[in-house]
Amino acid sequence: MSIKDNTFEKIGAAINKAVAEERVHEPLLTTFNVQLDASVKEIERRTLKCFSDDASQDYDSLMCSVHSTYTTEHVHNCLGCNFDDLIRQLHDYLSMVMNQRLQHEEQIPHIYSIYFLLLNGIWERIDNILELLGVPDSYKNSKFHAFIQVRRWANFFKHPGSFTYIVHHPAITIEGSRNHRNHEYK
């Protein structure tokens, strides 16, 4: 099918002109820093603050509430403590990155690869427990799809295959950033 008018060329030219004049979207670092700040706040809201509002509770995180729920007087439960350590490690890492305020876009792929590796460590432990409990893959796929996607990215960062020798300095982008538009329309 051939298009008789040049509508697509005009649209493409207009987009490329806007991109070249940097009139679209935010710079990648701005977008990254905003998303990083939101992520740290969300981790704090969901995991580092206890939902019980009980001031007498020994543990102040959601993950450690697993510990207090399944611990008796004479038996210690490591599950909650270990998950709490992983969540705090993730939070500390993101907080350090946020406080550093990146200056160069080239730093972003390093931040993401480490972030995904930390998230994958959490997922591996969750998945191990779900396997021990006999939770079906269909349930995991529907309820933990974000972690499964993280695992795929973490495996790619660990084992990039042919990207090791055929791609020189691959670019990373965040949808909606000026950087993304530049890559999309080059």
Side-chain angles (χ1 to χ4, degrees), residues 28-29 31-54 57-72 75-100 102 107-164 167 170-177 179-180 183-184:
L28 180 60
L29 280 174
T31 306
F32 175 79
N33 286 322
V34 167
Q35 289 184 1
L36 179 63
D37 185 51
S39 296
V40 170
K41 286 178 182 168
E42 190 66 13
I43 288 173
E44 290 170 353
R45 186 181 77 76
R46 288 182 176 229
T47 61
L48 297 182
K49 305 276 191 280
C50 182
F51 290 109
S52 71
D53 293 328
D54 180 3
Q57 187 163 334
D58 292 337
Y59 304 101
D60 65 350
S61 79
L62 177 62
M63 291 299 187
C64 258
S65 69
V66 171
H67 174 276
S68 59
T69 301
Y70 295 102
T71 300
T72 62
V75 179
H76 178 77
N77 175 343
C78 298
L79 186 62
C81 292
N82 289 332
F83 274 119
D84 186 60
D85 286 343
L86 291 172
I87 294 298
R88 289 182 186 279
Q89 180 184 44
L90 179 67
H91 175 264
D92 291 348
Y93 171 72
L94 291 177
S95 294
M96 285 187 295
V97 171
M98 187 174 67
N99 291 334
Q100 181 184 356
L102 301 181
Q107 295 171 294
I108 294 174
H110 306 291
I111 302 303
Y112 273 117
S113 63
I114 295 168
Y115 175 61
F116 277 85
L117 292 171
L118 289 171
L119 283 173
N120 187 51
I122 295 168
W123 170 242
E124 285 179 351
R125 292 187 189 191
I126 292 171
D127 189 42
N128 189 310
I129 291 165
L130 296 176
E131 287 289 324
L132 288 171
L133 296 173
V135 174
D137 286 340
S138 60
Y139 181 84
K140 289 191 286 187
N141 290 336
S142 69
K143 301 298 182 187
F144 296 96
H145 58 277
F147 272 118
I148 292 168
Q149 195 171 18
V150 161
R151 178 166 186 88
R152 291 177 182 144
W153 276 109
N155 281 337
F156 173 75
F157 290 132
K158 290 189 300 184
H159 312 288
S162 59
F163 278 88
T164 302
V167 177
I172 191 166
T173 184
I174 298 173
E175 187 173 356
S177 70
N179 171 284
H180 178 74
H183 287 292
E184 192 171 29

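- Residues that satisfy the ring pair (Phe, Tyr, Trp, His ring centres under 6.0 Å) test with Phe144, not counting sequence neighbours, are Trp123.
- Screening residues 127-140 for salt bridge (charged side-chain N to carboxylate O under 4.0 Å, His left out), with sequence neighbours left out, gives Asp127-Lys140, Glu131-Lys140, Asp137-Lys140.
- Residues satisfying the side chain to side chain contact (heavy atoms under 4.5 Å, CB included) test with Gln149, not counting sequence neighbours, are Trp153.
- To the nearest 0.5 Å, atom CG of residue Leu117 and atom CZ of residue Phe157 are 7.5 Å apart.
- For residues 108-122, no pair satisfies salt bridge (charged side-chain N to carboxylate O under 4.0 Å, His left out), with sequence neighbours left out.
- Ala154 and Phe116 make their closest contact through CB-O, 3.8 Å (heavy atoms, listed as atom of the first residue, atom of the second, distance).
- We find the OH-CG distance between Tyr93 and Leu118 to be 7.0 Å, quoted to the nearest 0.5 Å.
- For Asp85, there are no side-chain hydrogen bond (donor to acceptor under 3.5 Å, both in side chains) partners two or more places apart in sequence or in a different chain.
- Residues satisfying the side chain to side chain contact (heavy atoms under 4.5 Å, CB included) test with Ser95, not counting sequence neighbours, are Val40, His91.
- The CD1 atom of Ile148 lies 11.0 Å from the CG atom of Asn120; values are rounded to the nearest 0.5 Å.
- Under the 3.5 Å distance criterion, the side-chain polar atoms of His145 are matched with a main-chain donor or acceptor of Ser142.
- Under the side chain to side chain contact (heavy atoms under 4.5 Å, CB included) criterion, Arg125 pairs with Asn82, Phe83, Leu86, not counting sequence neighbours.
- The CD atom of Glu124 sits 12.5 Å away from atom CD1 of Ile129, with the distance rounded to the nearest 0.5 Å.
- With sequence neighbours left out, Lys41 forms a side chain to side chain contact (heavy atoms under 4.5 Å, CB included) with Asp37.
- Listed by chain and residue number, nothing satisfies the side-chain hydrogen bond (donor to acceptor under 3.5 Å, both in side chains) test with Gln100 (two or more places apart in sequence, or in another chain).
- Atom NZ of residue Lys158 and atom CG of residue Asn155 lie 4.5 Å apart, to the nearest 0.5 angstrom.
- In this structure, CD1 in Ile87 is found 7.0 Å from CD1 in Ile43, a value given to the nearest 0.5 Å.
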